Amino acid sequence: MSGAAPAKPVVDLADGEWHRLHPASPLLRGGLVFIAIAGFVIANLRERVVEFFLVVFAPGQLDDGFGEWSDENDWGRDPIGGIVANNLVGWALLAVLLVVVLVIAGFWLSWRMHTFRVTPEAVEVRSGILFRSHRSARLDRIQGINITRPVFARLFGAAKLEVQVAGQSGNMQLAYLGSSLTDGLRRDILRLASGARAKSGPAPAVALPAVASGEAAAEPLPGAAPAAGLAAAPGAAPARIGSRAGAIVGQRVDEFLAPELDPELAPPESVVHIPVGRIVGSTLLGGAAFWMLVVAGVVVAGILTRQLWLLFSFVPAAIGLVSYLWSRITKSLRYSIAGTPDGVRVGYGLLSTANHTIPPGRVHAVEATQWIFWRPFGWWSVRINVAGQSVTNGSEAAQRTQVLPVGTAEDVQRVIALLLPEAAEGGPVAGQIGSGLTGRSGQDGDGFSATPKRGAWLHPFSWRRIGWAAADGIALLRRGSLVRRLVLVPLARMQSVALSAGPVRRGLGLAELRLHTVVGPVVPSLPVIEREAGEALFAHLADEAVERANEDRSQHWGRETADA
Amino acid sequence: MPEQTDHPEQPVQPAPPEQPVAPEQPEHRFTPDAEWRRVSPKYLVVEVIGSIITTAIIVAALLVAFSLWGLWWAPWAAGAVALVAIVAIAFEPRRVRSIGYRLREDDLLFRRGIMFQRQVAVPYGRMQLVDITRGPVARALGLADLKFVTAAAATAVTVPGIPEAEADRLRDELVALAESRRAGL
């Protein structure tokens, strides 16, 4: 077995060798539960412990019978009392020790057996003690890489890296890795996936600036910073830990305070900044605002009518709502988005931070949404469809598909230009985003199709908004009046297109057009279109989808540059 | 056995063409269809039997309810269901004839429905897999359903009522086409 990981500090995790995870990972993954159990037991024994000390240090202060370990009183009637009363203390301690040792050994063994490697073809993970599993994800199928740093893990300088592949449960987690090495590993995986195989080894890692070690890590060599990060791991020699404790603490603090996205990595003008006020305001004016009003109304009514049970029955709802709002706000704080050579990188989070990288050519649909309460402020949010990640409806997945929690129309332009390079500024698509966001038919020259007035039978409020435009291989669909939507679909990744008409639409000479993309929060559709125009658009989209898919080379985005 | 007899209606593509239109893939001799292909007329039997069975079950349940609990409206409901089913069966031949598919140069076109019309275009390069399923009645008639799966769940293209041998041939052809035009996800 080649499972023996090198003992020396590693700088480059993507060198094709087997590596182990961060030594603190068992603790971070499962050990916290163990600690919680211990805490629970101790908390339940608290009174017993206090009484015990009272007996020892202040004898005579308590009633008779206290401290007497016998079957006749309270002390002897619970498990611990029973153990003491029957003189089994030694055995009990031995059993506890055995369990602790077994658990620690199990954790240690599972850590030893959990290895991963990154080869030019795939990312592979081997794990399991009794039931070994070996998973491998082909690099050219990678849909994105997410790095999360929960608060506890950040204290240990660890991070979780998740490789996302298309498929229902295909994601591969590397939990946890040394925080400072993680960004380098992500970059190396993406470099290998990009098809740029000419360069290999740690050379490019040194050439690029160190990523997550924070700008204050004033190492002479950028490549030395990750090495320091690994030496900081608890597995290093105790003497060195003692001598370098100050440096390590300083580094942790720097890591904690460093911006989520290193500004050196991305052109600064492309970074969207969200003021705190806008985050709070948009959250309060979001969908939850309505429920907050309901809860507040019920509480007020409860106070006025002195029906206190009303108050109590709504306390859980209020707590849930507040915690939802709080998590939304903290997750949106320190939001950043930037284009890197290996894809768009979105980061967020105050205490627990996370960032995900979407390589080029992985975005299947983009949607900008604005609901009515946000309209006075001109706020929009942007969501995307990406293969493999939006399948589950979990809050984490929802967080990942939301690339811009709230932003102005200019921010939307910038974000879309990052996600779809075809929509970059100056192109025909960029010119149409503005009218797609707020325009309605009847305004000349906005490039969007007009909906005939009989569409009002089906969509009385929004029929003027419904329209489409296409340029540079991107279809733009706008609709919705209460909730304004603009959907952009790169035709190179459209799966299929459908035109349908029920009896009502046929009677009105209308049809409905849907573009099928991978599953996600965005559903690109044009609810109303004139029959003939629909036929023409259907034929046009079907042809252009094939054409664009044949031309598309973004799956291996680095290949041309490597060959050149 | 039956498959030889059941295509007369079907404009099967002109047997091995002299030179394919797509010269860049000489290994797959493939001619795009000029016309819509229809499903086998026998598929009508499958649909009719299916709707008769469903109707019979509903009617039987309603009549049982009537005889056990004396629900006065149950026989009327049963009559209404039977009437609707008869009308639907009367339109069945047209519905089956409305199902059509067409293998174009780069994509598969599928349409169906007379009241609710639907038309889908699936590029070959997007097909993730081609699935053949056979129901009990269809199997007795030597028919099969061909299902195309892409990365999008909404694509949902199932061509029913294709003779089994034809279905196998079509599947192989489509898999070959999908392979030669393979695009990413």
Side-chain angles (χ1 to χ4, degrees), chain A residues 140-143 165-167 359 361-362 364-365 385-388 391 489 491-507 511-520 523-525 531 534-535 538-556, chain B residues 21-22 24-25 30 32-33 36 87-88 91 94-95 98-130 146-159 174 177-185:
Chain A
D140 55 354
R141 285 290 179 224
I142 287 177
Q143 302 294 318
V165 283
R362 259 71 170 183
H364 289 245
N385 275 4
V386 185
V391 179
V489 180
L491 295 177
R493 284 178 285 288
M494 187 184 78
Q495 299 295 316
S496 55
V497 54
L499 183 76
S500 58
V504 176
R505 282 196 173 78
R506 235 151 24 91
E512 178 183 12
L513 189 95
R514 276 174 186 273
L515 311 190
H516 300 146
T517 69
V518 295
V519 185
V523 181
S525 83
R531 184 88 184 165
E535 300 270 358
F538 176 83
H540 170 73
L541 289 178
D543 289 345
E544 188 157 359
V546 172
E547 203 178 296
R548 295 283 171 179
N550 288 340
E551 287 170 7
D552 190 36
R553 293 286 171 271
S554 54
Q555 295 282 325
H556 294 286
Chain B
V21 186
E24 69 268 19
Q25 282 110 14
F30 161 69
D33 298 340
W36 287 92
V87 172
F91 277 102
R94 270 206 66 193
R95 278 193 47 209
S98 77
I99 303 173
Y101 63 98
R102 198 171 148 188
L103 273 63
R104 296 200 299 183
E105 181 62 42
D106 293 302
D107 55 2
L108 176 109
L109 220 55
F110 173 76
R111 68 166 189 204
R112 74 174 301 165
I114 42 176
M115 277 291 267
F116 294 87
Q117 294 175 342
R118 185 166 187 266
Q119 181 176 350
V120 186
V122 189
Y124 298 130
R126 295 294 179 206
M127 283 181 195
Q128 301 290 323
L129 62 95
V130 183
L146 215 56
K147 189 177 173 195
F148 306 102
V149 179
T150 67
T155 300
V157 170
T158 306
V159 185
L174 286 166
L177 280 169
E179 197 52 49
S180 67
R181 281 142 220 241
R182 168 69 50 211
L185 203 59

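Residue numbers start from 1 in every chain, and the chains themselves are labelled A, B, ... in the order their sequence lines are given, proteins ahead of strands. Keep in mind that this is a model prediction, so the values were computed, not measured.
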Main-chain N/O of B:F116 paired with A:R505 side-chain donor or acceptor, under 3.5 Å: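 Looks like no, no N/O pair under 3.5 Å.
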Sort B:L109 into side chain, backbone, both or neither according to what part of it lies under 4.5 angstrom from a heavy atom of chain A.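 For B:L109, the contact with chain A is made by the side chain alone.
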Quick check on B:R104 against chain A: is it the side chain, the backbone, both or neither that has a heavy atom closer than 4.5 Å?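 Just the side chain, heavy atoms under 4.5 Å.
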I need the minimum non-hydrogen distance between [X] and [Y], along with the two atoms involved.
X	Y	value
A:A498	B:V120	CB-CG2, 3.8 Å
A:Q495	B:A151	OE1-N, 3.4 Å
B:R126	A:R493	NH2-CA, 3.2 Å

Hey, what do you get for CE (B:M115) to CZ (A:R506), rounding to the nearest 0.5 Å?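 The distance works out to 7.0 Å.
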Supply the atom-to-atom distance A:L499 CG to B:Q117 CD, rounded to the nearest 0.5 angstrom.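 Answer rounded to 0.5 Å: 9.0 Å.
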Heavy-atom contact with chain B under 4.5 Å, split by part of A:E551: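 Nothing of A:E551, per the 4.5 Å heavy-atom cut-off to chain B.
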Test side-chain hydrogen bond (donor to acceptor under 3.5 Å, both in side chains) applied to B:T155 - qualifying residues, sequence neighbours left out: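 In terms of side-chain hydrogen bond (donor to acceptor under 3.5 Å, both in side chains), with neighbours along the sequence ignored, B:T155 is linked to A:S496, B:T150.
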Counting only heavy atoms not in B:R95, do more than 12 fall under 6.0 Å of its CZ?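 Count not over threshold, so no.
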Please check if atom CZ in A:R514 has more than 12 non-hydrogen atoms from other residues, nucleotides or ligands closer than 6.0 Å.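 Open: at most 12 neighbouring heavy atoms sit under 6.0 Å from CZ of A:R514.
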